[in-house]
Amino acid sequence: MSRLARPAAELKPGYDAVVVGSGYGGGVAASRLARMGLAVAVLERGREWLPGEFPRTMLAAQRELQMAGPKVRLGHASALFDLRLGADVHVLQGCGLGGTSLINANVCLSPDPRELEDERWPQLLRTSHWLNVGYHRARAMLSPRPLPATSKPLKLAALEKAAKALGAEVERVPLHIAFETHVNACGVRQPACTECGDCMGGCNVGAKTTVHSTYLTDAANHGAGIFTGVLVRSVDRGPDGRWNVVFHRLDRDGSPSPV
């Protein structure tokens with residue numbers, strides 16, 4: 001897998017579209033806009049991680065932890081594991097090229113249709129067929145597959161035992177993971193999963209199908225410029241109608257450097 005990011009020094013004065021962040025939202029937007037032929041820049045404050053570079057020990061993971069809350073700020077701004085503390089809910093998100101897809105469990109499930117019965121959702125989203133079109137396109141890009149029947153981790157065996165006691169069944173959910181070596185929809189070769197269990201620490205094998213290996217690669221293949229270590233501070237519209245993006249460049253330790 002090759003690197004996608006360019007040095008921030010190569011940023012041009014202007015683009016047709018600037019995408020802030022590179023998780024699923026930013027990655028999909030960048031892919032679609034680049035395919036339209038627009039000049040696109042993707043700005044990500046985190047670093048680019050390739051398989052083999054993710055933390056392998058608790059000490060290494062600790063060095064890649066940042067924490068932010070109303071009264072606390074710990075770790076550097078580009079640390080991979082970004083923990084946000086709230087009053088009653090805490091959120092762990094990924095900070096890196098590919099966003100939280102780098103450290104999530106890669107489960108691919110559509111929401112229960114009853115969720116969209118809530119009138120607080122926009123009517124177009126609730127009634128249009130385009131949502132299902134989006135699901136179809138996402139599955140075509142990410143190729144979700146369940147864990148092969150030949151594999152049964154201890155956790156799954158325990159869940160099946162509990163389900164049997166309750167008169168229920170356990171279903172293997174689709175995962176964005178390559179269980180066989182293949183070339184994905186964006187031309188990236190992915191080795192087969194080794195079942196090491198490090199999905200949520202960062203896949204050092206390359207079997208995990210992340211935004212980096214799909215949508216961002218697709219965006220780069222269609223001419224998008226992808227830049228890491230770029231912390232966007234504000235976006236505002238100038239008197240000439242053009243949008244101005246103010247940012248800091250971050251050093252490897254997450255500290256701002258001169259623009």
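Note that this is a predicted model, so its numbers are computed, not measured.
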Can you list every side-chain hydrogen bond (donor to acceptor under 3.5 Å, both in side chains) pair that touches residues 139-151, not counting sequence neighbours? S110-R139, S151-E195

Mind jotting down which residue pairs meet the side-chain hydrogen bond (donor to acceptor under 3.5 Å, both in side chains) criterion with at least one end in residues 160-175? Sequence neighbours excluded, please.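 For residues 160-175: K152-E160.
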
Contacts of type salt bridge (charged side-chain N to carboxylate O under 4.0 Å, His left out), residue R137, not counting sequence neighbours: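 None.
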
Measure up the W49 and F54 rings against each other and bin them: parallel (under 30°), tilted (30 to 60°), perpendicular (over 60°). parallel

Give me the one residue out of T127, V133, N132 that meets side chain to side chain contact (heavy atoms under 4.5 Å, CB included) with W130.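 The passing option is V133.
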
Basic-acidic side-chain contact under 4.0 Å: E48, R6: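 Not counted as a salt bridge, because no side-chain N and carboxylate O are separated by less than 4.0 Å.
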
Quick one: salt bridge (Lys or Arg N to Asp or Glu O under 4.0 Å) pairs with a partner in residues 72-92, sequence neighbours left out?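 Output for this query lists R45-D82, D82-R84.
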
Tell me every residue that passes ring-ring contact (aromatic ring centres under 6.0 Å, His included) with F227, counting only those two or more places apart in sequence or in another chain. none

D112: which residues meet the side-chain hydrogen bond (donor to acceptor under 3.5 Å, both in side chains) condition with it, sequence neighbours left out?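 D112: side-chain hydrogen bond (donor to acceptor under 3.5 Å, both in side chains) contacts with R114.
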
Counting only heavy atoms not in L109 (residues, nucleotides, ligands), do more than 12 fall under 6.0 Å from its CG?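 Buried by this count: over 12 neighbours within 6.0 Å.
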
Counting only heavy atoms not in Q93, do more than 12 sit closer than 6.0 Å to its CD atom? yes

V28 reachable from L216 in the ILVMFWY side-chain graph, under 4.5 Å edges: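 Yes; V28 is reachable from L216 via cluster members.
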
